[in-house]
Amino acid sequence: MSSTMHKSPPNKSQKLIVQKFGGSSMGSIERIQNVARRAVKTASEGHQVVVVVSAMQGETDRLLKLAAGVSSRPADREIDVLLATGEQVSIALLALAIRELGFQARSFLGHQVEIRTDSMHGSARIRSIKADPVHECLQNGEIVVIAGFQGVDQHGNITTLGRGGSDLSAVAMAAALKADACEIYSDVDGIYTTDPNVYAKARKIPRIGSEEMLELASLGAKVLQTRSVEFALKYKVTLHCRSSFSDGEGSWVVPEMSGLEGAEMKGLEGAVVTAVSCDKNIAKLTIVGMADKPGAAARLFAPMADAGINIDVIIQNPPENGRTDVTFTVPRNAADRAVALIEGLQDELGFVRCSLDKRLAKVSVVGAGMVSQPGVAQRTFAALGDAGINIVLVSTSEIKISCVVEDQFADAAVRVLHDKFELEKT
Ligand code: ASP
Ligand code: MG
């Protein structure tokens, strides 16, 4: 059979293209066949194609449930062995589907292309990739299919990179292979000025800087996994986010923009804000009456850091009579754990009480243009104020202003800010 198979025809402008397909793109046999056709189309244009895939939609969750059925505290190492099977199924089926279309394809698990990671099961970090076997296959005209989300540590243990980690696998592969393009396919056709489900006026952004994208990803826009954007920024990988169900141009995420293009992106043309995002997974804790002395804050946050709880906005009130209040936000699903950890410190730190508010959301305006434009914070506050939306907390970075508001007002806040900064206009 293989002797009758096509090889990529030689092409002078041949490119090496990494294509990543997520769980929904791989959600059924028909969808896997659709992915196969996409890969084959690119290969038949004469390009070298590396496909990185996730497990079929719902599979990772299904496997986690199985584990929960046999163990109340399953060992991280075994969870990784289990979860890695989801992507193993995907790569084999996709390679078969591609071969069925008459093209050569070969599947690889993470360890076979030597995606080396540290030993942090469940959130491993990639240390190196030895891409030789991939290059060899590409040279032979084969389409290479790689399991996303997984790697191998120095002792040969299977590791996984954290939920949504196939994005990171694809970006890292693109960097290691010095690919010409890294296409991230999903069920949405790009990155929008805000969630179109929240506001119909949302507009697709044709090009966005990686730094802005990093803010958006970490603020809860779900198109790209945050760590993958971080990696793309660091290793200067350009990403093309597009839909696996249509042929249209998606959104480009560009590592750095300089010169005229950069000036345009940075708002000299008037666009100061690029997007509005919303994170509804927010809770606020206030520690009332903490002793105002050196080391107290470090002590307060230590147990949460050890437990891997991400602290976001932090505010400390000016002290009165040697006591101060500290307020901060955590992901809502970690709030109860955070409270328990803090209450364990009450004797030591001598605070009066720890109060918790779970009904909050964080709405953020993001734009590289803010760096050079005064007044963005004022306009943000004015828009919310005019709409009668109270701001509970504020935090800013060079390219972002985040306001914590009551979650019942979150969608309204997104809409008024989208209007205020005229994001529906190009
Ligand atoms: N299958 C893994 C998950 O569901 C990795 C991925 O989808 O990127 O998180
Ligand atoms: Mg995914």
Side-chain angles (χ1 to χ4, degrees), residues 18-29 31-32 34-35 38-39 50-68 74 76-95 107-113 115 117 120-126 129 145-152 158-175 182-188 191 213-214 217-218 220-232 237 239-245 250 253 281 308 331 333:
V18 173
Q19 302 183 323
K20 182 261 168 177
F21 293 90
S24 66
S25 306
M26 297 287 290
S28 66
I29 292 302
R31 289 184 175 194
I32 291 174
N34 173 53
V35 169
R38 288 229 164 230
V50 175
V51 191
V52 177
V53 293
S54 300
M56 292 173 75
Q57 189 162 39
E59 179 63 9
T60 309
D61 290 330
R62 189 186 72 88
L63 293 168
L64 281 171
K65 268 203 206 107
L66 288 179
D76 296 343
R77 181 190 181 278
E78 303 313 323
I79 288 290
D80 279 357
V81 172
L82 178 69
L83 295 189
T85 63
E87 273 71 13
Q88 179 162 359
V89 170
S90 291
I91 56 171
L93 290 175
L94 181 58
S107 65
F108 290 98
L109 292 166
H111 73 86
Q112 294 176 302
V113 285
I115 300 178
T117 70
M120 280 297 283
H121 288 289
S123 57
R125 296 198 156 255
I126 297 178
I129 294 177
V145 182
I146 297 174
F149 179 55
Q150 57 179 259
V152 61
I158 293 172
T159 55
T160 65
L161 309 178
R163 295 307 302 267
S166 299
D167 286 348
L168 178 60
S169 308
V171 176
M173 260 299 154
C182 183
E183 302 177 337
I184 309 284
Y185 290 86
S186 67
D187 52 6
V188 294
I191 293 144
M213 189 61 224
L214 190 54
S218 59
K222 290 173 203 72
V223 185
L224 285 169
Q225 184 226 26
T226 307
R227 273 172 61 197
S228 72
V229 184
E230 227 169 3
F231 197 100
V237 181
L239 308 178
H240 186 189
C241 298
R242 44 196 314 209
S243 162
S244 51
F245 306 114
V253 183
N281 180 26
N333 49 22

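All figures in this text were calculated on a predicted structure; none of them were measured in a lab. Scope of the values below: all heavy atoms of this structure, side chains included, with no hydrogens, waters or symmetry mates. Read the numbers this way: they start at 1 and go in the same order the structure lists the ligands and their atoms.
- For the pair Gly23 and ligand 1, the shortest N or O to N or O distance does not fall below 3.5 Å.
- Heavy atoms of Glu87 come nearer than 4.0 angstrom to ligand 1 in at least one pair.
- Taken to the nearest 0.5 Å, the CE atom of Met26 stands 10.0 Å off from the OG atom of Ser166.
- Close approach to Arg163 involves these atoms of ligand 1, each under 4.0 Å from a residue heavy atom: 3 (C), 4 (O), 9 (O).
- Distance CD/Glu183 to OG/Ser244: 11.5 Å, rounded to 0.5 Å.
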**Request:** Check the pair Thr160, Asp80 against side chain to side chain donor-acceptor pair (under 3.5 Å), reporting the backbone distance first and the verdict last.
**Result:** CA-CA 6 Å; Thr160 65; Asp80 279 357; 2.7 Å; yes
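- Below 3.5 Å of separation, one finds no N or O of Asp167 facing any N or O of ligand 1.
- Under the 3.5 Å distance criterion, the side-chain polar atoms of His240 are matched with a main-chain donor or acceptor of Gly250.
- In Ser54, the part holding a heavy atom less than 4.0 Å from any atom of ligand 1 is the side chain.
- We find that Glu230 and Arg227 are not joined by a salt bridge, their nearest charged nitrogen and carboxylate oxygen being 4.0 Å or further apart.
- Side-chain contact check for Ser24 versus Arg31: some heavy-atom pair is nearer than 4.5 Å.
- Remark: ligand 1 atoms within the under-4.0 Å shell around heavy atoms of Gly164 are 3 (C), 5 (C), 6 (C), 8 (O), 9 (O).
- In this structure, Gly165 is part of the shell of residues with a heavy atom less than 4.0 angstrom from ligand 1.
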